[in-house]
Structures are given as C-alpha cells and as structure tokens.
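First the structure, in the form of structure tokens, and then the observations on it.
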Amino acid sequence: LVPFLNNIKPIPGDLSLPYFGMEDFKFKNLSQKLTSIFHCGALVNGVLTYSQLKNSNVNGTIEVLRLSIMNKTHLIPVHYISTMSVIGNNKGGNNEIEDQYELNDKDAVYNMNGYGQSKWVAERLVTIAAKERGLPVVVYRPGTISGSMETG
C-alpha cells in the first residue's frame, strides 16, 4: 500500500450538493484526471429518516456515478463501499451471503432504518449503472467497523 499512497488523493466536498459543491468546470476537470473512484462517503446515522439521509447518501452516489462517466475517453471504475445494512434480515436463517447477492427484495427495504434504506437505494443505482451502462463497479459490504477501544 505504501508505494501507492502518492496516487491516493481524497477529494474534499459535500456529498449532498451537486458536483460535491465544486464549480462545474472543476468537477469536469477532475473526471479527466481520475483512474479510479473509491466512494466510501456517507452520512451514517441510525436515527435519521431516509428523507434526511437521501441528499448525502443517494444524491452523493449519483454525483459519483456522474463523475465516473464524464471522461470522454473512458469510464472511471467505481469501488463502492456499501454496508451489510442493505441486506436487511437474512430470510435464510443463516449468516451466509452469496458473493453475487443482489438487492431485489424491495419488501425488505420497508423493515430497514433510514440509513439502510438510503444505502440500499444508492447500491441499486451503482448496480444499475454497471448493468445498463457498462460501468466497471465493485461493491464492498464490510461488516461492523469501529475505532480502537484504546485510541478511538
């Protein structure tokens, strides 16, 4: 990983705003410089409603997808970090989830909190972009991640 650190550049912005709050020419210019997008930004809150999270979590993902297709010469691959929350209650009764698990169970969304719903919708948009537009996408669903008990 260390040799690649010079190639990784976080892009500050506001996920809830069009073009992440950048001027449109800066956003378009950014699309000409990127070779990959790792989208792990989200407003994480288990209490807020879908409506309160939509701008950051859904619209922010739409902006990532827009950025990934703006380059005139090639599509920019998207690595989308989702959440296990999008899977909802596992109907099978076991903890196994297939590698190619698709989010087709719309009824499960109604049993999720606003965060799970917003990430479900965002992940569906990413999947649709991959299937219908040929966008190179990898979706990651890490389990519970938290800070160190000692250092935070």
Starting at CD1 of I76, measure out to CD of Q32 and round the result to the nearest 0.5 Å.
7.5 Å
Surrounding CZ of R66 (heavy atoms of other residues, nucleotides or ligands, distance under 6.0 Å), is the total greater than 12?
yes
Where the side chain of N57 meets the backbone of K119, is there a donor-acceptor pair that is under 3.5 Å apart?
no
Cluster check M70, F20: I/L/V/M/F/W/Y, side chain < 4.5 angstrom
yes
Please report the shortest heavy-atom distance between L75 and R133, naming the atom on each side.
CD1-O, 3.9 Å
Could you label the plane-to-plane angle of the H39 and Y80 rings as parallel, tilted or perpendicular, counting under 30° as parallel and over 60° as perpendicular?
tilted
Distance check, rounded to the nearest 0.5 Å: E123 atom CD versus S118 atom OG?
11.5 Å
Separation between CG of L48 and CG of L43, rounded to the nearest 0.5 Å:
6.0 Å
Note: G41 and L15 closest approach over all heavy atoms is C-CD1, 3.4 Å
Atom NZ of K9: over 12 foreign heavy atoms under 6.0 Å
yes
Side-chain heavy-atom pair L65, V126 within 4.5 angstrom cut-off
yes
S82 and P142 have their tightest heavy-atom pair at O-CD, 3.8 Å
Cluster overlap L135 with V138, hydrophobic side-chain contacts below 4.5 Å:
no
Check: S31 side chain, K28 main-chain N or O, donor-acceptor pair, under 3.5 Å
yes
Do Y115 and V121 share a hydrophobic cluster, counting only Ile, Leu, Val, Met, Phe, Trp and Tyr and linking them when any side-chain heavy atoms are less than 4.5 Å apart?
no
Go through the steps for E63 and F27 under the test side chain to side chain contact (heavy atoms under 4.5 Å, CB included), then give the verdict.
CA-CA 10 Å; E63 292 304 304; F27 190 79; 4.0 Å; yes
Is there a chain of hydrophobic side chains (I, L, V, M, F, W, Y, each step under 4.5 Å between heavy atoms) that links I81 to V58?
no
Are R124 and W120 packed together at the side-chain level, in the sense that at least one heavy-atom pair is separated by less than 4.5 angstrom?
yes
I69 with L30, same ILVMFWY side-chain cluster at under 4.5 Å:
yes
4.5 Å side-chain heavy-atom contact, L125 and I62
yes
If you measure from CE on M22 to CG on L17, what distance do you get to the nearest 0.5 Å?
11.0 Å
